[in-house]
Every structure is written in C-alpha cells, then in structure tokens.
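All heavy atoms count here, side chains included; hydrogens, waters and symmetry mates do not. The model shown is predicted, which means the values in this text are computed figures rather than measured ones. Letters A, B, ... mirror the listed sequences (proteins, then strands); counts begin at 1.
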Amino acid sequence: MNSQIIGSCRVQYQDAYAYDMNSQELWVLDRLKSCKTITQLKQIHAFLIKTSPLRLRAPQLIYPKLISLCTTSSSSFGANLTYFRSILTNLENPHVILYNNAIKALSSAQNSSFSLEAVALFREMLIKGLVPDNYTVPYVLKACAQSQALREGEQIHAHCIKTGMLLSIVYVKNTLMRLYAVCGFIKAVQKLFDGSPQRDLVSWTTLIQGYVKMGFLREGVAAFFEMCDSNLRADEMTLVIVLSASSKLGDLELGRKIHDYMRDNEVNSDIFVGNALVNMYLNCGDADFACKLFDEMPFRNVVSWNSMISGLAHQGKFKESLDVFRKMQNIGLKPDDVTLVGVLNSCANLGVLELGKWVHAYIDKNQIKADGYIGNALVDMYAKCGSIDQAFRVFQGMKSRDVYSYTAIIVGLAMHGEAEKALLIFSEMPIVGIEPDEVTFIGVLSACSHAGLVAEGQKYFEEMSSVYNLIPQTEHYGCMVDLLGRAGLINEAEEFIKNMPIEPDAFVWGALLGACRIHGKVELGESVMRKLLEVEPERDSAYILMSNIYSSSNKWRDALKLRKAMKGKNMKKTPGCSSIELDGVVHEFRKGDKSHSKSKEIYKLLEDIMSQLKNHGHLAQY
DNA sequence: CTAGGGTTAG
C-alpha cells in the first residue's frame with residue numbers, strides 16, 4: 001500500500017508539469033481520501049511540499065485529513081503530536097477553522113497533555129493575530145474541562161469577558177459553566193448562571209448536573225423545578241440527571257413525579273432514560289416495577305444490565321442480582337468492570353466464594369486491572385466469604401490503593417479477629433498519605449473491641465476528631481459501647497452513653513444490651529430493652545436479645561412471656577439467612593423456611609443427621 | 001466545526 005502511494009507520487013511528481021493545479025489537487029484529494037495511516041499521510045505531504053504549485057496549499061489540504069486520522073486512531077496521536085503541531089505552527093495564512101478543528105480534535109482526546117496542547121494552540125492563535133470565534137472557545141473550554149485545567153480555564157474566562165463573548169454567546173457561557181462544574185466550583189457555576197441574560201436548556205442542565213455531581217441532590221432537583229416554572233421543557237438529557245438524583249435520594253415520590261412529567265410532556269424514552277428509570281425505581285424500592293420496565297425495554301445495553309445487578313443488590317436482593325447476571329451470561333453479553341464489581345458485591349453479601357473466585361479468574365484471564373473498584377470489591381468479597389488470607393493477598397498485589405481498599409481490608413481483618421494486623425495496616429495509612437474516613441474507623445474500633453483493647457480503642461476514638469477532623473456517628477459510639485461493654489466495663493459504658501453529644505440510637509442501645517447479655521445483667525438489660533424499643537419499635541432484636549438474657553439466667557418464664565408478647569406484634573425479623581451455591585445457582589435458606597423446591601428432602605436429611613449424631617452420643621447445643 | 005446524559009466500592 002505504502003509503496004503504491006510512493007510509486008504513484010513519483011509518477012505524479014515526474015509528470016507534475018503536465019497537469020494544471022486543479023487536477024493535481026483533485027488527484028491529491030483522492031489519495032488523501034484513501035490514506036489510512038500517518039506514514040502514508042507524510043508521504044503525500046512530502047509530495048505536496050516538493051511540488052511547487054501546491055506548496056502553499058499543502059497544509060490546508062492535508063490538515064483536515066490529519067485531524068481525522070489522529071482522532072480515529074488516538075493511540076498513534078500522541079506519537080504524532082509533534083508533527084501535528086509543526087505543520088500548524090508553520091502555516092503562514094491559516095484559517096481559523098483549521099485551528100478550531102485542531103483544538104476540537106485535541107479536546108476530545110482523553111489524555112490531559114492533549115488538553116493543555118489545545119490551550120497552547122489557542123494561545124498561538126492569539127499570537128498570530130487570529131481571532132478565536134464562537135466555535136474556538138467552546139472547544140478549548142471543553143479541553144480544559146476534560147483535564148480539569150482550572151488555571152487555564154480561568155484565563156480563557158478572562159479573555160471571554162474582555163471580548164464580550166461571555167455575554168453574547170450562550171455556548172461560551174455554558175461550556176464555562178461546565179468547566180467550573182467539573183472542577184467542583186458549584187458557586188462559580190451558579191454565579192455565571194445568575195449573571196447571564198439568556199439561559200437555555202443546556203445552561204439549566206449544566207447547573208443541575210453540577211449540583212447533582214457534587215452530591216447536592218435536593219438543590220439540583222430544586223433547580224429542575226425552577227426550570228419548569230420558567231416554562232422551559234426538559235429533554236432526555238435533563239431528565240436522566242434528575243432521575244439519577246431521585247435515585248440517589250431514594251425518593252420514590254419524587255421519582256414518580258419525574259416519570260409523570262415525562263409522560264405529560266411526551267419525552268421519549270431512549271436507552272439512557274430507560275436505564276435511568278430502571279435505576280431510579282430500583283433504588284427507590286419499587287423493584288417489581290423496575291423489573292417490568294427492564295423487561296419492556298426495546299433495547300438493553302451493558303449499563304441496563306449493570307443497573308439491574310447493582311440495583312437489586314442495593315435492595316438486599318443479592319440472589320436476584322446474581323440471577324440477572326446469569327441471564328446476562330446466557331444471552332452472551334460481555335460483562336464490563338461495573339458488572340463485575342456488582343457481582344462481587346452480591347457474592348460478598350451471600351458468601352458465595354465459588355462465583356467470587358470465578359469472577360477473579362475472569363478478571364485475570366481478560367487482563368482486567370485488579371485495581372480501583374475491582375480490586376476493592378475483590379478484597380471485600382474474599383474477606384466477607386471467609387478467605388481473609390486471599391483478601392490480604394489481593395490487597396497486597398494492588399498497584400494503587402485508596403481509602404476504600406484500606407477500609408475493606410481493615411474491616412475484614414477485624415471481622416476475622418485479626419485485630420493486631422488490622423491496626424498494623426491502619427498505621428500504614430498516614431505513611432502512604434491516605435486519610436482514613438468514618439468507615440475506616442468502624443473497622444479500627446471493632447478490631448479493638450474484638451481484641452479487648454480498651455485503651456487503644458479510646459485513643460483511636462479520640463484521634464478521630466482531634467487528628468482527622470471526623471465527627472463520630474452513632475455507629476462509632478455503638479462501637480465504643482461495645483468495646484467497653486464486652487470488657488465488662490458496663491458502668492463506664494452507661495456513663496459514656498450519658499455523655500454522648502448526639503441522641504443514642506439502636507446501634508448504641510443494641511451494643512449495651514449485647515453487653516448485658518454477655519455479662520448476665522438482667523435488671524439493666526430490662527431498662528436498656530425499653531430504651532431500644534423506644535428508638536426501634538419495629539424490629540424484634542430487642543426482644544430476642546432480652547429473651548436470651550432471661551434464658552441464660554434460667555428465667556425461663558420471663559423469656560416465654562417476652563416471646564409471647566412479641567408474637568402479637570408482627571415485627572420485622574432480623575433475618576438469619578444462609579446460602580449455598582450449586583452449579584451457579586444460589587440457594588437461600590431462612591429460619592423455618594420451606595420454600596425451597598427440595599425442602600422435604602432437605603429436612604428429611606437434617607433429621608437423619610440429627611438422629612445419627614444423637615446415636616453417637618452428641619447432644620445438640622442451642 | 002459549536003455546549004448538557006446512565007450503572008460501580010469499604
């Protein structure tokens with residue numbers, strides 16, 4: 001192919017004077033069309049330079065092609081960046097459009113050095129006396145937003161104020177808003193929005209998105225309704241963001257309102273909207289309707305499936321989540337890393353090590369990096385499935401670790417009673433420069449609790465606020481009550497609760513009641529149970545714990561009375577559930593549950609085992 | 001040749 005082009009270039013060169021310039025240009029354009037690589041392009045370029053009538057036209061002719069080649073094969077783009085620049089920079093009379101296209105190409109590249117290159121081209125334009133137009137500025141601002149180049153963006157912002165573009169061109173204002181939004185400066189976004197004479201749908205959407213991305217969900221939703229009041233009609237893009245906000249808020253009423261808005265305004269449901277709707281209904285608790293919508297979708301992509309897998313898990317329907325994954329496998333859709341994270345999460349919560357291992361093998365086989373989300377999910381899965389050593393190996397093998405990785409392994413080690421190792425890993429965090437957060441401290445405090453390290457636990461609890469500026473939540477107070485209570489320091493635990501700056505909740509009272517159970521404190525237990533029932537009247541855990549306290553103090557009559565009192569009340573049961581995985585299918589078992597298709601056989605076998613145990617002189621312990 | 005969209009962790 002190359003030699004063909006060179007060959008025909010040579011022939012053309014020799015016959016150059018036989019053609020007039022137009023036909024030469026046509027010939028070159030024809031060659032450019034079929035040109036596939038930078039090397040071929042360079043050959044044509046060389047020919048153009050050597051052909052004197054075409055010399056001046058050369059850059060203009062090849063430039064658009066160069067841009068399109070670079071953007072379609074971004075991998076070779078980096079290597080040819082110098083070449084790319086040298087042509088443009090040496091142009092004597094470049095048209096603004098050429099620069100615009102170049103900046104556009106650079107702004108859509110992922111690489112952040114390309115974004116800065118786009119800014120450099122923008123500067124070069126100004127130096128050459130070219131006037132950036134209403135296309136140039138949105139492109140270069142997009143490049144800044146891509147790499148969060150705030151400083152550069154601010155300079156362009158200043159340029160836009162000086163030239164008056166900021167006020168006159170809505171595209172400029174919108175891309176500028178977007179830049180500040182991705183940099184997290186929501187106040188700057190709002191200020192630009194407020195100070196602008198014209199606001200179109202994109203301005204509103206950018207504002208809403210800015211709020212939602214920063215986690216200011218209610219503010220984003222409020223902006224949406226404000227937009228509706230101003231008689232602008234939302235389109236698919238706006239609605240996807242508002243639905244995602246409703247989903248994150250778990251606000252079903254709001255979500256339904258948005259859905260109604262879509263029907264009233266005849267917004268058509270493309271795949272993005274469809275996915276957002278499914279996700280919203282799932283996270284807001286209406287899983288049945290979400291499944292119905294999912295089934296009715298005319299097209300589904302990997303995100304649709306991912307939404308189902310992680311959304312069901314979010315609702316605690318881990319088994320169903322894995323069922324969806326199996327269906328996805330059956331139709332032959334390739335999982336991506338988001339899918340795998342969701343699957344690992346469900347495996348972790350069900351304790352299905354086999355499938356978790358399969359995912360790990362899949363990750364290795366497909367050379368997916370076991371860092372970030374994936375690595376953290378693997379650590380968590382192994383830890384929760386009981387393979388703490390394997391969890392630790394994955395943790396150590398990770399190239400980059402963040403606060404989630406550290407927390408996963410610390411909580412995992414604490415759960416497995418390896419308190420010292422957990423605290424050792426925790427002490428590594430300041431050395432590698434990772435700040436622990438609230439969840440990390442749950443792991444640290446529970447490690448201390450399990451190992452009976454009272455003084456250390458108190459020290460860490462104190463450091464939480466004094467060193468790390470974290471405000472302890474009721475969970476942390478619960479851990480401390482547990483720590484003191486387990487160690488038999490019941491009075492100290494009671495005193496600790498009295499001095500809490502926030503209202504104790506079920507975590508805290510539950511921990512104290514647990515301590516009463518361990519240490520057989522019947523009377524205190526009774527008063528703590530009442531407290532627990534006050535803050536959590538709908539659950540049965542207070543009754544269960546208390547009746548255990550009665551039983552272990554041989555107060556059978558009181559225990560029975562409590563169980564009876566419970567029966568009439570239809571309380572939420574704290575589920576005790578176990579599961580096994582067989583040939584890829586997860587089977588769940590709850591206490592007294594007879595829903596399994598082979599339930600009869602299972603119970604029959606259990607009875608056999610029990611009687612065999614009895615025959616061998618073993619007495620069942622309850 | 002212009003701007004704004006979904007799913008993922010402890």
- Indicate whether A/Tyr171 forms a stack on B/dA3; treat it as stacked only if centroid distance is below 5.5 angstrom and interplanar angle below 30 degrees. no
- Message: Need one value for A/Val172: base, sugar-phosphate or nothing, where a base atom within 4.0 Å counts as base even if backbone is also close, heavy atoms only.
- Response: nothing
- Item | A/Val273 side chain, from C-beta outward: closest of B/dT7, B/dG5, B/dC1 | B/dG5
- OP1 or OP2 of B/dA3 sitting under 4.0 Å from any side-chain N/O of A/Arg178? no
- Between B/dA9, B/dC1, B/dG5, which nucleotide has the shortest distance from any of its atoms to the side chain of A/Val341? B/dA9
- Whole-Å gap separating P (B/dC1) and CZ (A/Phe122): 21 Å
- Query: In whole Å, what is the span from the NE2 atom of A/His157 to the P atom of B/dA3?
  - Reply: 19 Å
- Message: So for A/Asp235 and B/dG5, does any side-chain atom that can act as donor or acceptor lie under 3.5 Å from a complementary atom in the base?
- Response: no
- Message: Once side-chain hydrogen bond (donor to acceptor under 3.5 Å, both in side chains) is applied, what residue pairs with a partner in residues 415-431 of chain A remain, sequence neighbours excluded?
- Response: A/Tyr406-A/Glu428
- Message: Using a heavy-atom cut-off of 4.0 Å across all strands, would you classify A/Leu201 as base, sugar-phosphate, or nothing?
- Response: base
- Query: Can you tell which of B/dC1, B/dT7, B/dA3 lies closest to the side chain of A/Val338?
  - Reply: B/dT7
- Task: Say whether A/Lys173 and A/Ser196, considering side chains only, have a donor N or O and an acceptor N or O under 3.5 Å apart.
- Result: yes
- Message: OP1 or OP2 of B/dT7 versus the side-chain N and O atoms of A/Ser244: is any pair under 4.0 Å?
- Response: yes
- Once you round it to whole Å, what is the distance between C1' of B/dA9 and CD1 of A/Ile442? 16 Å
- Query: Side chain of A/Lys104: nearest nucleotide among B/dT7, B/dA3, B/dC1?
  - Reply: B/dC1
- Query: Which word best sums up how the rings of A/His259 and A/Phe289 line up, parallel for under 30°, tilted for 30 to 60°, or perpendicular for over 60°?
  - Reply: tilted
- Closest to the side chain of A/Lys384, out of B/dG10, B/dC1, B/dA9, is B/dG10
- Message: Within the 4.0 Å heavy-atom criterion, would you say A/Asn345 contacts the bases, only the backbone, or no part of the nucleic acid?
- Response: sugar-phosphate
- Message: Strictly below 4.0 Å: does A/Arg401 bring a side-chain N or O up to OP1 or OP2 of B/dA9?
- Response: no
- If we require ring centres under 5.5 Å and near-parallel planes under 30°, does A/Phe272 stack on B/dG5? yes
- Task: To the nearest Å, give me how far apart NZ (A/Lys173) and P (B/dA3) are.
- Result: 15 Å
- Message: Base, sugar-phosphate or nothing for A/Ser405? Non-hydrogen atoms, less than 4.0 Å.
- Response: nothing
- Item | Side chain of A/Val439 (C-beta onward), nearest among B/dA3, B/dA9, B/dG10 | B/dG10
- Message: Can you say whether a donor on the side chain of A/Thr238 sits under 3.5 Å from an acceptor on the base of B/dG4, or the other way round?
- Response: yes
- Taken to the nearest whole Å, CG/A/Leu130 to P/B/dC1 is 19 Å
- Item | Flag for A/Ser203-A/Asn174: side-chain donor and acceptor within less than 3.5 Å | yes
- Message: Once you apply a heavy-atom cut-off of 4.0 Å, does A/Thr440 come out as touching a base, just sugar-phosphate, or nothing?
- Response: base
- Message: Let's see if you can work this out: which of B/dC1, B/dT7, B/dG5 has an atom nearest to the side-chain heavy atoms of A/Asn279?
- Response: B/dT7
- Nearest-angstrom distance from the residue atom CG of A/Leu207 to C1' of B/dG5: 16 Å
- Applying side-chain hydrogen bond (donor to acceptor under 3.5 Å, both in side chains), name anything that partners A/Asp337, two or more places apart in sequence or on another chain. none
- Query: If only atom types and distance count, is the side chain of A/Asp380 paired as donor or acceptor with the main-chain N or O of A/Ala408 below 3.5 Å?
  - Reply: no
- Query: Which part of the nucleic acid, if any, lies within reach of A/Gln209 when heavy atoms closer than 4.0 Å are counted: base, sugar-phosphate only, or nothing?
  - Reply: sugar-phosphate
- Figure out the CE/P separation between A/Met280 and B/dT7, and round it to whole Å. 13 Å
- Touch check for A/Val403, heavy atoms < 4.0 angstrom, all strands: base, sugar-phosphate only, or nothing? base
- Message: Once you apply a heavy-atom cut-off of 4.0 Å, does A/Asn134 come out as touching a base, just sugar-phosphate, or nothing?
- Response: base
- Message: Whether the A/Gln146 and A/Ser107 side chains hold a donor-acceptor pair (N or O, under 3.5 Å, no angle test) is what I'd like checked.
- Response: no
- Item | Side-chain donor/acceptor contact of A/Thr206 with base of B/dG4 under 3.5 Å | no
- Counting just side-chain N and O atoms, does A/Asn376 come under 4.0 Å of either OP1 or OP2 of B/dT8? no
- Could you tell me the separation between the CZ atom of A/Arg233 and the P atom of B/dG4, rounded to a whole number of Å? 21 Å
- Message: Check for me: is A/Tyr135 stacked on B/dT2 by the 5.5 Å centroid and 30° plane-angle rule?
- Response: no
